[in-house]
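Everything below concerns the one structure shown next.
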Amino acid sequence: MRRSRYFLPTLRENPAEAQIVSHRLMLRAGMIRQSSAGIYSWLPLGHRVLRKIEQVVREEMDAAGCQEVLMPAIQPAELWEESGRYHDYGKEMLRITDRHERPMLFGPTHEEVVTDIFRNSVRSYRDLPQNLYQIQWKFRDELRPRFGIMRGREFYMKDNYSFDIDHAGAVRSYNKMFVAYLRTFARLGLTSIPMQAESGAIGGDYSHEFIVLADTGESAVYCDRAWLDTDPLAMGIDYEADLQPIVDEWTRLYAATDDKHDPAACPVPEDGLYQGRGIEVGHIFYFGTKYSKAMGAKVTDPDGAEVPVEMGSYGIGVSRLAGAIIEASHDEAGIIWPEIAAPFKVGLINLRAGDAACDEACEALYSRLVEAGVEVLYDDRDERAGVKFAEMELIGLPWQVAVGPRGLKVGTAELKARAGGEAEALSFESVSARLIGG
RNA sequence: CGGGGUGUGGCGCAGCCAGGUAGCGCAUCUGCUUUGGGAGCAGAGGGUCGCCGGUUCAAAUCCGGCCACCCCGACCA
C-alpha cells in the first residue's frame, strides 16, 4: 500500500477526550474515529488490526473443534421472555420495536438464539458435543462507556456456545476453551491469567475470566510471579486428550483481582507476589442447564430418556484486544505492534521522494516484498524525513526500512525493528531476505 | 445512577468575569527556498461560537431550558 493513497488521518496532538494511552494512540494513529459515546468507526489501519486479531481467534477456535456461524444481531424479545432474561437484563439491553410493533432487541449476547437453533435441530445425544462460535458486533448500553474501544457500547466479540449430554462432557468442552484462550492471548503476544470469576448476568456455576497484564490496565491484579514465566504455546495440545491436568496446572498458581485479594490471606509470600494491572479480555462460563431447561432444549440420551442439554458460553472481546495489545505494548513515540496483529509488517520510508535513485530503489524493493506476500506500507510522499519517521513510530509497524541517498551511495538501506534496537545498514538483498524469510 | 467538568474552523486552545459582530498554534491549499528525525518565508481558504428561547440598539459573552461529550465512583468482553 502506498502511503500517498492510503486513508490514514493521523493526528499530531492528543485529542482532549482521550485519557488512556490506547485511546490516544488509536485516535492519533488514525485507527478509529468516534461516532457517539462508546461507538466507533474503524478506519483502514484499525480495521486491518481488527481483522488480524480476529483471524488468530478464529484459528484457535477452529483448532479446538468449534464451528463458525453467524447469528442475527437483531433478536426477537420472545426468546428472552422464554429464558426469563428479558426483564432481568435491564437497561443495558437496547430494546427496539419493528413496524409491526413487535418488541425486538439488539443482541448483547446470544445464549437464547443459539439455544433456539439447537432445540430446533438436535434430538439425539449422538449429535453431541457441539460448539458453535461467531464473531460479531454486540451492543450493550453501558451506563458509562469509556476508554475508547476498551469499554464501548458497541463492540466486536467472539462468542461461542457448547452443548454436551452431561456434566463430564460439559467440563471437557469448558477445558478446551480454557486452553484455547490461553493459546489465543499468548499468540497475540499477551500474558493472560485465568482467574476464578463471578458469573454475573450470564448465570452459572463455574467461570474464569482472562486478564491480560498491562501496566495501564484498569484493574489491579495480584499473582504468583511464576505466571510471568509461563508459556502456553510451549505445551503440546491434543484437544481429544484429557485436558484436566493442564487446566489444573494453570489454575494452581495464585491470582486474584484487587476486590478478591486479601493480603492477610494471600498464600504467596510477598517477594513471590507480582502486583500489577490488567485488562479483562475473555470470560468463560459453565452454566449447565440454565437455558436448556427454560427453553426446552432437550436430547434423547442412550437410555431413551429426554434430558436438557448441558451448556457453556465463552467470550473474547476482539475489539477490546486491539486496545489491550496497545496498552501492553507501546512507548513514548507510539504503538509497538506484535507482528501477528500488525496492520502491515513493514514500513518502507523513502527519505527523498522525487530523487530518481531513491524512487527507483524503493519501487524495486516495494515490488519485491509485495510479490513475496509481505504486507508493506510504502511512504512515498513528498514529506520530510522527520515527518515520515515520526509517523512510522506512531503507527508502530514491526519493521522499518529507510532508503536514502546516503545509504544508496554504498548500496545499503537501513532496517530497524520498532520494538527496539539500532538501525542496521544492510544490502537490499539482505533486507529482502530478512523480511521475506521471517 | 450519584458526583465533577467541557462544548469556539480538522486537532489543541484563547476570548466570556467587566456585551460592540471572532482570534492564536498546528493542520490544509498556492508559490519560492529547503530536504536523513514532526522545515523557513510569503500569501490564501475554512467557523450557524452545541441547540432552543429570553434580555438588549447590540449576545460567543448575561439569563432560562435542553442536548452532547469527557472524567471520578458502583457494574461489564
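Remember, it's a predicted structure, so these values are computed and weren't measured experimentally. Proteins get letters first, then strands, A, B, ... in listed order; numbering begins at 1 in each.
Among the heavy atoms of the strands lying under 4.0 Å from A:G404 is at least one base atom, whether or not backbone atoms are also near. The residue A:R28 sits close to a base: some heavy atom pair falls under 4.0 Å. Contacts of A:N14 with the nucleic acid, taken as non-hydrogen atoms under 4.0 Å apart, involve only primed sugar atoms and P, OP1 or OP2. Across all strands, A:G317 comes closer than 4.0 Å to base atoms (heavy-atom distances). Counting any heavy atom pair closer than 4.0 Å across all strands shown, A:P405 reaches a base atom. A:V387 comes within contact range of at least one nucleobase, with a heavy-atom separation under 4.0 Å. Within 4.0 Å of A:G152, counting heavy atoms only, lies at least one base atom of the nucleic acid. Using a 4.0 Å heavy-atom criterion, one finds that A:G407 contacts the bases of the nucleic acid, with or without backbone contacts as well. Residue contacts for A:R320: at a heavy-atom cut-off of 4.0 Å it reaches a base atom on one of the strands shown. Using a 4.0 Å heavy-atom criterion, one finds that A:A390 contacts the bases of the nucleic acid, with or without backbone contacts as well.
A cation-pi arrangement is absent between A:R183 and A:F178, since the terminal nitrogen or guanidinium carbon is not both under 6.0 Å from the aromatic centre and inside a 45° cone about the axis.
The pair A:K416-A:E393 meets the salt-bridge criterion, with a side-chain N (NZ, NE, NH1 or NH2) lying under 4.0 Å from an Asp/Glu carboxylate O. Salt bridge status for A:E82 with A:R119: present, with a side-chain N to carboxylate O gap under 4.0 Å. Under the 4.0 Å criterion applied to side-chain N and carboxylate O atoms, A:E154 and A:K138 are not assigned as salt-bridge partners.
Residue A:R384 places at least one side-chain N or O closer than 4.0 Å to OP1 or OP2 of B:rA39. Remark: A:K91 is in phosphate contact with B:rC1, judged by side-chain N or O atoms under 4.0 Å from OP1 or OP2.
For B:rG4 and B:rG10, the P atoms lie 32 Å apart once the distance is rounded to whole Å.
Residue-nucleotide stacking is present for A:F155 and B:rA77, judged by a side-chain ring centre under 5.5 Å from the six-membered base ring centre and planes under 30° apart.
Toward the 5' end of RNA chain B, the nearer of the two residues A:M150 and A:F389, judged by each one's closest nucleotide, is A:F389. Position along RNA chain B of the nearest nucleotide to A:P15 versus A:G386 favours A:P15 as the more 5'-ward residue.
Distances were taken from every side-chain heavy atom of A:E414 (C-beta onward) to each of B:rC1, B:rG36, B:rC75; the shortest belongs to B:rG36.
Side chain A:E13 to base B:rG25: a donor-acceptor pair is found below 3.5 Å. No hydrogens or angles were tested; on distance alone, nothing pairs the side chain of A:R146 with the base of B:rC72 as donor and acceptor under 3.5 Å.
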